[in-house]
Amino acid sequence: MKKKFLLILCLFTFLTNYAQFEKAIANTYIKRANNAIANGINYELAANYFEKAMARLDSITDKKTAILGSRIYFEIHHKQETLQKRLEYLKKSQSYFKHYNLLTTNKTTEEYQLNIDELYVPIIESIEKVEEEIKIENELTRIKKLEKKKIDSLTEAWYHKSKLLKINVDTIFTFNKDNLALYKIDNYFGLINDLGEIILEANEYKDVLYFEGFFIFKNIKNNPTKLLCFNSTSKSSFEIPTISDFYNLSTHFGQVMLPRANGKLVTYPNNVAKPFVFDLNEKKIIEITNEKEILKNLDKADIITKYNNDGEVKFNKEWYRFGGTLGGGLHPLYAEESNDLLGFLCALEGKFLSAKDDFEFIGPFYNNRFEAKKGNRRFWIDQKGVELNDTEIEDNSYLGESIIEKLDDGSYQIKRNGFIILKDKKLEKLSDFINNHLK
């Protein structure tokens with residue numbers, strides 16, 4: 001029993017000594033905190049020392065320590081980054097002042113009243129101010145969250161509306177002066193206008209020629225069996241009759257030349273010794289009704305040396321089958337015993353253009369020029385068969401306000417004056433859509 005009592009006494013003595021030791025260290029830090037304020041008014045450094053002191057004390061028993069803590073936290077509260085942190089420091093300042101109040105026995109002194117006036121009242125006022133600011137901040141945060149939620153909802157609605165205005169095709173080409181553009185999907189060509197309206201579905205024609213106001217759609221690129229004409233100016237279309245309707249043995253249109261502004265179209269069908277010359281305006285084949293008169297005039301002008309009733313002509317000691325006229329005094333000539341195109345006779349010069357050495361195919365005459373082809377190359381020639389450097393191609397530039405835009409997913413949209421448009425529908429840009437619906 002005696003040993004147990006001695007052990008308890010030793011432990012008590014140790015703890016008492018340790019508490020006194022910790023208090024001594026705390027007092028040192030308290031002095032350093034006071035010096036930091038007195039020497040340099042450095043409340044941040046004073047706060048560091050004060051917190052080290054408090055870590056070694058179980059409680060505050062000195063009113064000077066309490067008022068020091070209150071003043072330190074009040075002086076540095078405004079330097080905290082957030083309102084919540086400022087309030088936390090003010091609450092600590094208030095708490096230490098309440099300790100000071102409890103430890104002060106005489107509350108009638110001038111010092112006590114001065115601390116009330118210059119410290120505690122400002123603490124209370126600052127707490128009220130910061131709490132009000134926190135309320136405002138929380139309300140603004142709430143409003144911003146609601147606004148963000150509404151913006152997110154509007155953004156989602158806009159993208160949904162925008163998706164409905166997409167044009168899902170592979171390619172949209174440039175608009176022409178008549179506000180039309182070719183488009184392509186799955187290797188088929190069609191027509192679309194600058195409002196996004198499909199004028200001709202892309203489901204049948206795999207190639208197309210466009211020139212001087214006419215689109216010629218072909219069911220296949222080479223030797224097509226089906227042609228459709230679309231007049232870009234009148235916005236009208238028709239299917240050109242099957243070639244066998246005109247030439248019984250022909251099975252395809254062969255080489256198709258560019259249509260010209262006068263409405264003339266020339267193709268070179270198989271199994272016939274003449275080109276197919278068609279009037280796109282009148283929608284009918286152009287037949288040569290005065291062939292004998294043409295041949296007679298060529299003979300009279302010594303362009304040819306002889307002709308017969310079978311439509312054969314002799315030129316440079318060779319007999320050819322006469323293939324009619326392309327206009328402008330240019331006449332296709334075919335092999336005597338077959339349907340092979342051998343060349344072209346230039347009546348103006350009495351000159352022969354070889355299909356092998358000069359030009360394989362020549363189109364209709366218009367505006368003092370012909371289109372001529374050799375392989376994949378296109379030329380423009382005059383009535384003498386001379387290549388022209390100045391082609392004088394008409395200006396086909398688009399003058400409208402629609403802009404074609406390809407989207408990241410490969411689809412297209414048409415934009416005009418800040419709106420996405422499709423037929424009679426339109427949608428303002430995202431920022432305008434949100435602003436207009438947030439008002």
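Both backbone and side-chain heavy atoms feed into the values below; hydrogens, waters and symmetry mates do not. Quick caveat, the model's predicted, so the values are computed rather than measured.
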Taken in chain and number order and not counting sequence neighbours, the residues that satisfy side-chain hydrogen bond (donor to acceptor under 3.5 Å, both in side chains) with Lys85 are none
Sorted by chain and number, sequence neighbours left out, side-chain hydrogen bond (donor to acceptor under 3.5 Å, both in side chains) with Ser244 holds for none
side-chain hydrogen bond (donor to acceptor under 3.5 Å, both in side chains) filter on Ser237, not counting sequence neighbours, yields none
Donor-acceptor pairs under 3.5 angstrom involving side-chain atoms of residues 418-430: please list them, not counting sequence neighbours.
residue	atom	partner	partner atom	Å
Glu428	OE2	Asn436	ND2	3.3

Residues at least two apart in sequence or cross-chain that pass side chain to side chain contact (heavy atoms under 4.5 Å, CB included) with Ser153, listed by chain then number, are none
Pairs under 3.5 angstrom only: tabulate donor-acceptor contacts from the side chains of residues 273-280 to other protein residues two or more places apart or in another chain.
residue	atom	partner	partner atom	Å
Asp279	OD1	Asn281	N	2.9
Asp279	OD1	Glu282	N	3.0

Sequence neighbours excluded, the answer for ring-ring contact (aromatic ring centres under 6.0 Å, His included) partners of Phe359 is Phe379
Across all chains, not counting sequence neighbours, the ring-ring contact (aromatic ring centres under 6.0 Å, His included) partners of Phe173 are none
Could you pull out all donor-acceptor pairs under 3.5 Å where a side-chain atom in residues 325-337 meets a protein atom, sequence neighbours excluded?
residue	atom	partner	partner atom	Å
Thr325	OG1	Gly327	N	3.0
His331	ND1	Gly324	O	3.0

request  = Take the angle between the ring planes of Tyr268 and Phe344 and call it parallel below 30°, perpendicular above 60°, tilted in between.
outcome  = perpendicular
Taking only distance into account, with no hydrogens and no angle test, what donor-acceptor pairs under 3.5 Å do side-chain atoms of residues 283-306 form with protein atoms, sequence neighbours excluded?
residue	atom	partner	partner atom	Å
Asn297	ND2	Glu293	O	3.2
Thr305	OG1	Lys314	O	3.2

The ring-ring contact (aromatic ring centres under 6.0 Å, His included) partners of Tyr29 (sequence neighbours excluded) come to none
For residues 68-90, the ring pair (Phe, Tyr, Trp, His ring centres under 6.0 Å) pairs (sequence neighbours left out) are Tyr73-Tyr89, Tyr73-Tyr96, Phe74-His77
